[in-house]
Number of protein chains: 2
Amino acid sequence: MALLDTRGVDALTMRNIAEGLGCTQASLYRHVRNREELVTLLVDRALSVASSVPPGDTDWAEKAAWSARLFREHLLRHPGVASLLRGTERLGPNSLAGVQYSLDLFIGAGFSPRLAYAAAASLATFIIGSVNFNLGLDSSDPEESRHRRLLYRSRDAATLPLIVQHADALAEVSSDDEFEVGLKALLTGFRALIQNPDITHD
Amino acid sequence: MALLDTRGVDALTMRNIAEGLGCTQASLYRHVRNREELVTLLVDRALSVASSVPPGDTDWAEKAAWSARLFREHLLRHPGVASLLRGTERLGPNSLAGVQYSLDLFIGAGFSPRLAYAAAASLATFIIGSVNFNLGLDSSDPEESRHRRLLYRSRDAATLPLIVQHADALAEVSSDDEFEVGLKALLTGFRALIQNPDITHD
DNA sequence: ACCTGAACACCGTTCAAGT
DNA sequence: ACCTGAACACCGTTCAAGT
């Protein structure tokens with residue numbers, strides 16, 4: 001985990017891990033079937049934040065938003081974990097604790113267990129996807145926004161008129177903004193689904 | 001692309017690509033700076049579906065849902081592409097065509113350019129995240145559902161009561177269900193944001 | 001049981017040398 | 001300009017041999 005945080009996902013090799021642990025690479029295969037199993041264990045351990053509890057005097061949507069932001073910030077602080085996060089470790093103990101917590105929240109809000117599960121999965125998918133999709137980019141870097149503005153401006157106005165026309169406004173939208181809009185939409189949508197469950201299939 | 005589809009992402013090595021092209025691996029570096037650049041080019045090319053046009057006699061939300069499903073199905077048919085899809089190729093020509101199309105749709109629905117962009121990005125993030133997160137799993141495989149049911153049932157009822165209690169119902173939720181719930185929630189949320197823009201920040 | 005050293009079959013990338 | 005062969009410094013994994 002220390003190796004992943006300090007030197008990134010590319011440095012997470014069996015040789016480097018073994019060195020950090022003070023043994024040979026071959027020794028690792030006594031404790032783990034292969035590299036993938038090691039990664040799965042590592043990622044599940046890194047997911048322990050999922051069980052943090054939000055402030056208690058708010059409604060379910062605010063709690064969900066709080067937890068979603070906490071989870072996202074945790075992943076942003078540990079980009080290596082985010083890049084390794086695939087469906088594989090979904091069934092690990094810490095992931096399941098997160099599922100249990102989400103079910104509790106969404107069932108309490110009025111969802112059926114089925115819908116609560118799907119809603120929790122959607123939210124997790126969005127959070128993880130959001131971090132993964134912005135991994136290379138640093139939203140706090142003003143250079144990134146400038147780079148995108150210049151790129152948008154220089155596109156072909158005949159085929160991409162809206163991008164060229166609104167280049168300045170679009171370049172200002174950060175990954176934080178994207179996340180907040182999506183989060184808000186998801187939670188608002190969840191609330192509508194609770195109040196009117198028959199629209200779940202149209 | 002053929003190599004990626006038939007033999008998967010692990011087989012997409014410079015040596016295999018060169019072989020398929022009938023040259024040496026070293027020759028590839030005449031046309032491309034490194035492997036990452038080649039992948040970026042490949043993925044953007046694979047994203048050309050993004051510009052398919054939905055049936056015209058429906059409202060913006062139905063068009064968005066149609067395009068979202070089309071995009072997801074395309075990625076599911078080409079899992080290798082999904083696994084390579086990171087933020088890197090976001091600025092390629094095909095990606096930008098998709099952005100232009102989404103902006104057109106969402107601005108037409110009543111969003112400001114900024115919000116339209118954020119909404120489009122959220123939706124894309126959700127679709128890609130959804131496919132990526134379910135990459136290893138085959139939702140059409142009944143064995144997968146059974147495996148999850150048994151796993152949920154056998155958890156500790158004291159720490160994960162809801163998972164154990166609703167094991168059967170939860171195991172039946174497929175990645176298709178998850179996607180549809182999330183998509184519905186996002187689009188419903190977008191509609192609410194359009195009708196009441198001041199809730200964009202609370 | 002756990003560890004080691006050495007090997008195996010791979011990677012991405014570079015570079016002098018060819019045409 | 002484009003290609004080649006050969007090399008470099010890495011991978012994940014295996015296995016006989018040690019304790």
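In this text, all values refer to a predicted model and were calculated from it rather than measured experimentally. Lettering follows sequence order; numbering is per chain, from 1.
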Over how many whole Å does the gap from [X] atom [atom1] to [N] atom [atom2] extend?
| X | N | atom1 | atom2 | result |
| --- | --- | --- | --- | --- |
| Glu19(A) | dT4(C) | CD | P | 13 Å |
| Leu12(B) | dG12(C) | CG | C1' | 13 Å |
| Glu37(A) | dG12(D) | CD | P | 15 Å |
| Asn34(A) | dT14(D) | CG | P | 8 Å |
| Glu36(B) | dC11(C) | CD | P | 19 Å |
| His31(B) | dC2(D) | NE2 | P | 6 Å |
| Asn16(A) | dA9(D) | CG | P | 17 Å |
| Leu3(A) | dC11(D) | CG | P | 11 Å |

Candidates [options] - which lies nearest the side chain of [X]:
| X | options | result |
| --- | --- | --- |
| Ala26(A) | dC15(D), dC11(D), dT13(C) | dC15(D) |
| Arg15(B) | dT13(C), dC11(D), dA6(C) | dT13(C) |
| Thr24(B) | dG12(C), dT13(D), dG5(D) | dG5(D) |
| Ser27(A) | dT13(D), dG12(C), dT4(C) | dT4(C) |
| Met14(B) | dT4(D), dC3(D), dG12(C) | dG12(C) |

Original post:
Which distance, rounded to the nearest 0.5 Å, do you find between the OH of Tyr152(A) and the CG of Asp168(A)?
Top reply: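 Reported value, rounded in 0.5 Å steps: 11.5 Å.
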
Original post:
Can you list the stems that include DNA chain C, where a stem is three or more consecutive Watson-Crick or G-U pairs with distances under 3.5 Å?
Top reply: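 Correct response: C:4-8 with D:12-16, C:12-16 with D:4-8.
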
**OP:** Please confirm whether the backbone N or O of Asn134(A) pairs with a side-chain atom of Ser175(A), one donor and one acceptor, at under 3.5 Å?
**Re:**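 No, because the side chain of Ser175(A) does not come within donor-acceptor range (under 3.5 Å) of the backbone of Asn134(A).
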
**OP:** Output yes when a side-chain donor or acceptor of Arg153(A) lies under 3.5 Å from a complementary backbone atom of Arg148(A), and no otherwise.
**Re:**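 No: the side chain of Arg153(A) does not pair with the backbone of Arg148(A).
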
Original post:
Are Arg149(A) and Glu172(A) within salt-bridge range, i.e. N to O under 4.0 Å?
Top reply: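 No.
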
**OP:** Would you mind checking if Asp59(B) and Arg191(B) are paired as a salt bridge, meaning a charged N to carboxylate O distance below 4.0 Å?
**Re:**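 Answer for the salt bridge query: yes.
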
Original post:
Centres of the Tyr117(A) and Phe111(A) rings: under 6.0 Å?
Top reply: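 Not under 6.0 Å, so no.
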
Original post:
Which residue lies toward the 5' end of DNA chain D, Arg30(A) or Gln25(A), if each is placed at its nearest nucleotide?
Top reply: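 Its nearest nucleotide lies further toward 5', so the answer is Gln25(A).
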
Original post:
Phe126(B) vs Phe179(B) aromatic rings, parallel, tilted or perpendicular, using cut-offs 30° and 60°?
Top reply: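 Plane angle under 30°, so parallel.
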
